Amino acid sequence: MKQNKTGENTEGLRVGVFICDCGSNIAGHLDCAEVTKYAADLPGVVFTKENLYTCSEAGISEIQNAIRENNLNRVVVASCSPRTHHPLFASSCAQAGMNPYLFEMVNIRDQCSWVHMGQRDIATAKAKDLVRMGVAKSTALEPQKDIESSVIRKILVIGGGIAGLSAAEALAGMGLEVLLVEKEERCGGLMLGLNVLETGKSAAGQVSDLAATVAATSGVTVHTASRVIEISGYIGNFRVVIETPAGKVEDTVGCIVVACGAVPLVEEGLFGYNGKDVITQMELEQRLASGSFKAARVVMIQCAGARNATREYCSRICCATAVKNAMIIKRKYPLAEVHVLYRDMQMYGDEKEQMLWDARGMGIKFHVFDQKKPPRVGDGKVTFQHAVLGETKEFTVDLTVLSTPLVARPESSQVAALMRVPCDKNGFFLEAHAKLRPLDFAADGIFVCGSARYPVTSVEARTQGLGVASRIGAILFKEKLVKSGIVAEIDQETCVGCMGCLNVCPYEAIIFNRETGVCEVKEILCKGCGNCASTCPSHSAVLRGYKPEQLLAQIRAI
Amino acid sequence: MLDVGRHPNIELMAYSEVEQVEGSAGCFKVRVRRKARYVDEAKCTGCGACREKCPTDVLDMYNEGHSTRKAIYSWFAQGIPSTHTIDPDHCRVLQGKKCGVCQKRCEAGAIDFEQKDKIVELDIGAIIVATGYTVFDPGKIPEYRYKDLPNVVTAVEFERFLSASGPTHGHIDRPSDILARREIAELEKEESRLQKTLARYEEKAGASSQSVFEAFAAETAPPEQQQWMEKYREYLPLTEKLAALRSKAEGFTTAKRLAFIQCVGSRDLRFYPFCSGFCCMHSIKEAIIAHEHENATTSVIFGMDIRAVGKGFDEYKVRGGNKSNITYRRSRVAEIVNGPNNNPVLVYEDTQLQKVVREDFDLVILATACAPNEGMKEMAAILGIELNRFGFFKTRPENPLDTTREGIFVCGCAHSPMDIPESVAQASSAASRAVQTVTVTPAKLLKIS
Ligand SMILES: Cc1cc2nc3c(=O)[nH]c(=O)nc-3n(C[C@H](O)[C@H](O)[C@H](O)COP(=O)(O)OP(=O)(O)OC[C@H]3O[C@@H](n4cnc5c(N)ncnc54)[C@H](O)[C@@H]3O)c2cc1C
Ligand SMILES: Cc1cc2nc3c(=O)[nH]c(=O)nc-3n(C[C@H](O)[C@H](O)[C@H](O)COP(=O)(O)OP(=O)(O)OC[C@H]3O[C@@H](n4cnc5c(N)ncnc54)[C@H](O)[C@@H]3O)c2cc1C
Ligand code: SF4
Ligand code: SF4
Ligand code: SF4
Ligand code: SF4
Ligand code: SF4
């Protein structure tokens, strides 16, 4: 028997065709027996079989037996949707010794029995056409190999706030190595500068304890006062360069976590901000912590610099911060007057709403204002129009506290550029999918957690930090990364180096080789979308398994 | 869902319940009851042939009872696994009667009326509790009259109305109109039955019912026509009623003026003091989708605060106001009363004008609270963990996924009310805590030795 390089039987084409009844789902609406008979006479077909359910255990073993007994080197299944069933059939073929890339699937359920329900003849005729096309394409298919790459079980964490520290703690707890890079002298992030949390515990204390635990964990290397200056490579194998006080450090890691946080907005002139009697919540925290707080009449203004035309988003944490600090003041100085001027009190969930009940119970006053008529601050007074009662109110104050939003750190765009990951219009990192993949980037192997993504409380930041650890574990616990061999290739002889493909590739999988003057595909990054193949003017870029001659074979069979 | 179903490292045990947990972190023994489906999971391919011919209709609770399903069913089309299940409370065979249609139809031979519950014992390293929430029953708030006003629905019901695969195929028909249409259909059946009977009499006597009726009224008709006339007397008011209903039904249109009432059962000391976190957003979402379906739709959202607190949420809220005819009204609705044409009328105070306003709508949607699931106490007892003061599983802020028992973690709405992105993020975190529990690290080995 003749064999080619990959061990395939090349002695002529031997196609097996399996037609599924899907119970009565398909057989009820078209004549499967006739389609099977028809398939038997198609060029290259040596075996046909009609199955009650091709996907059942019985159906699968019929395919596998047929491959072994009849030396099949192509299998075509005509049944339901490749989206749900292609992987099952292809891997079953592989188990029986056939190259899985020589398997082809035809959808006669959605495309025949469903859309032509009640028109048996039409449905049957169309099923024959589709099967003929599928067989024609299968004969043009070539064997492929899965693409494998190694993984390095080490993770780079950028940012040592509570999110990054939690990620490092969990990753180390799973037995993985961690490289944590913090730009400041100390890990801890914003929490180092806070007073106490709503639990009454010291924020700095909690985060410092965590930092100490992480630093002492074996497998974790912490670089403080350091920055990542270069990142290249791809999932499983990133090369990173870190600038540390002791010089440059180079290393390779398998995955990357972005946890570089956010900072509270400070804006001169905002509601008369002066850092003296008009301050931010952050400054209030510091005064409360150091004992320098002095005021008997306090007004807090919510959404200061947020939910407006420049910054449309709600910063999520400042309402709870205001309520927390109002309660701290009221608890310490029961006679103090504390007013909170707000648009919507964002006390979502169970514990926060309870805080709001408790705060009202303590005598803290909440007043709604309208965005169009913001409060005026000056001369020791705050004046505003009450949106519910419709009347103008004025308070004499000793201290005005602005609840300003968390904004993206100015350097986060540089961090984003290192990895070519996107940021949203507010400068926060943009995740792969807002609902279903909140911690992933679209780029493989890179993750985000904490306020770097969008403002969060410390509890949420910790939750997300722990969360990315399992996302990473799912990748790095594998022996090697295996991906589909359906990737693009570029013919080095005919490519003219126009870089048309490079611009349309959504996954940065194409590079321009300066030496040869043509483009190359990085197989490990390619997701097989086909954009490059349909763009290339010299037809040099093709997608394996979907090459022009393969698709033309299918189309010519119509 | 499909990915979970296909993952080689995940064994899905649907239609099953945990009954007992013994042991400790790293080596739990868990007893699971796999409830009898009366369908063999290994054989059933989910084709649905059985379902087509099952003669027994049951209210479909997936569509909140606004449509029916069969006694053999799958909860919803994309459900994983696709294995069908026989509802033992309704299936004729399991109720001791004759049928077995599904067994004849099933070509895979999957139906097994003899199937019994199975108990399985599992060795487990760590446990994640993700049992979610239940929606508050608004019937408990008498002033909103959920139980007796047909056009007051919950957000979950409305979600089904908006769905293309829902009971109204995505058209926002008013429940009062659906009821009227259903009544028309039933009366039509009755009408055609009576018409057939009358036709038989007419043929036999060679006279029209109406002429005999007139003769009867003039007492000139023979007494043996008594029975005929009784049928005719039934028939007359029925046709009148039908005609009236039909002409009313001609005026039926889809609901276009919607009102959403927020915090139904939430932020309310009579029921749940907490905020459910996601209902402001789902009301906005539903109002925007309703507007997409039908551009003339206007919505008013009645709430104390609009909690649009998530990435991109406030922007979404503002866009809803600018582009989807949504008005946000800061007010707590005092009462709903019935108005003409089954229109619910909301009674609330306009605080600025300081007067009581009555405003009528086509449909009112209640944003019901995210309540702790039923059976939380029992589940807590089985797992040996504690609940917090709100009725959810207790955790500490420093370790937000850990319950009060080592090796058991919680995520999603079983933890506290939260939306999908937060639930997903928490799920990853709980997984990470679970892996840490079962990973052997040098530090742990040191601790043991
Ligand atoms: C006034 C105020 C009060 C608050 N009160 C509370 C409260 O009571 N309870 C509560 O739960 N939460 C509170 N928070 C929120 C809390 O501070 C945040 O949730 C938390 O800090 C987020 O952690 P993080 O790790 O995501 O980010 P951060 O704390 O911002 O940490 C990010 C870290 O990354 C580092 N970094 C940034 N860029 C780089 C880079 N390029 N390379 C290396 N390192 C980098 C930073 O130096 C920093 O150490 C409050 C916030 C404010 C502003
Ligand atoms: C009308 C409405 C619209 C919404 N729209 C959105 C939206 O657009 N976007 C968004 O982000 N969020 C939305 N939400 C919120 C969303 O539903 C929740 O965030 C999400 O469902 C929480 O997921 P969960 O897995 O924690 O709980 P659940 O979805 O409740 O899942 C819990 C699961 O556990 C099972 N279970 C319960 N008890 C047991 C037991 N003892 N043994 C075994 N299994 C058990 C249940 O059967 C269920 O399958 C909406 C909510 C409502 C009410
Ligand atoms: S959390 Fe509160 S203060 Fe902060 S932006 Fe949102 S609504 Fe405004
Ligand atoms: S197939 Fe798609 S992902 Fe692959 S190189 Fe071409 S454009 Fe990039
Ligand atoms: S029980 Fe039989 S007929 Fe019903 S879905 Fe399963 S395989 Fe199909
Ligand atoms: S046996 Fe039960 S489930 Fe099956 S068709 Fe009859 S009523 Fe339906
Ligand atoms: S999310 Fe909105 S509707 Fe739901 S309880 Fe909170 S404030 Fe009320």
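Letters A, B, ... are given to chains in the order of the sequence lines, protein chains preceding strands, and every chain is numbered from 1. It should be emphasised that the depicted structure is a prediction, and the values quoted were computed from it without experimental measurement.
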Please give me the minimum heavy-atom distance between [X] and [Y], naming the atom from each residue.
X	Y	value
Met174(A)	Ser432(B)	CE-CA, 3.9 Å
Pro273(B)	Glu353(A)	O-CG, 3.2 Å
Ser429(B)	Gln464(A)	OG-N, 4.3 Å
Val309(B)	Tyr348(A)	CG1-CD2, 3.6 Å
Asp344(A)	Ile306(B)	OD1-N, 2.7 Å
Gln346(A)	Arg307(B)	OE1-CA, 3.0 Å

Contact check, side chains of [X] and [Y], non-hydrogen atoms, under 4.5 Å:
X	Y	result
Phe274(B)	Lys352(A)	no
Ser428(B)	Leu439(A)	yes
Arg307(A)	Lys317(B)	yes
Glu460(A)	Glu422(B)	yes
Lys311(B)	Tyr313(A)	no
Arg330(B)	Val368(A)	yes
Arg433(B)	Leu466(A)	yes
Glu351(A)	Arg389(B)	yes

Region of [X] that comes under 4.5 Å of a non-hydrogen atom in chain B:
X	result
Ile472(A)	neither
Ser24(A)	both
Arg471(A)	side chain
Glu169(A)	backbone

- Those residues of residues 392-400 of chain B that come under 4.5 Å of chain A on a heavy-atom basis, listed by number, are Phe392(B), Pro397(B), Glu398(B), Asn399(B), Pro400(B)

Most heavy-atom pairs under 4.5 angstrom with chain A, which of [options]?
options	answer
Arg267(B), Met304(B), Gln426(B)	Arg267(B)
Ala49(B), Ala308(B), Gly312(B), Gly310(B)	Gly310(B)
Cys106(B), Ala108(B), Ser276(B)	Ala108(B)

Can you tell which of [options] has the highest number of heavy-atom pairs within less than 4.5 Å of chain B?
options	value
Lys201(A), Gln206(A), Gln354(A)	Gln354(A)
Asp21(A), Thr457(A), Asp350(A), Thr199(A)	Asp350(A)
Gly465(A), Ala170(A), Gly219(A)	Ala170(A)
Ala58(A), Ser56(A), Gly349(A)	Gly349(A)

- Item | Part of Thr45(B) lying under 4.5 Å from any heavy atom of chain A | side chain

- Task: Under 4.5 Å heavy-atom distance to chain A, tell me which part of Asn388(B) shows up: side chain, backbone, both or neither.
- Result: side chain

With rounding to the nearest 0.5 Å, note down the distance linking [atom1] in [X] to [atom2] in [Y].
X	Y	atom1	atom2	result
Leu356(A)	Asp305(B)	CG	CG	7.5 Å
Asn426(A)	Glu315(B)	CG	CD	6.5 Å
Asn25(A)	Cys47(B)	CG	SG	6.0 Å
Met418(B)	Thr463(A)	CE	OG1	8.0 Å

- Message: Within the supplied structure, the quantity of interest is the number of heavy atoms (other residues, nucleotides, ligands) at a distance under 6.0 Å from Glu349(B) CD; does it exceed 12?
- Response: yes

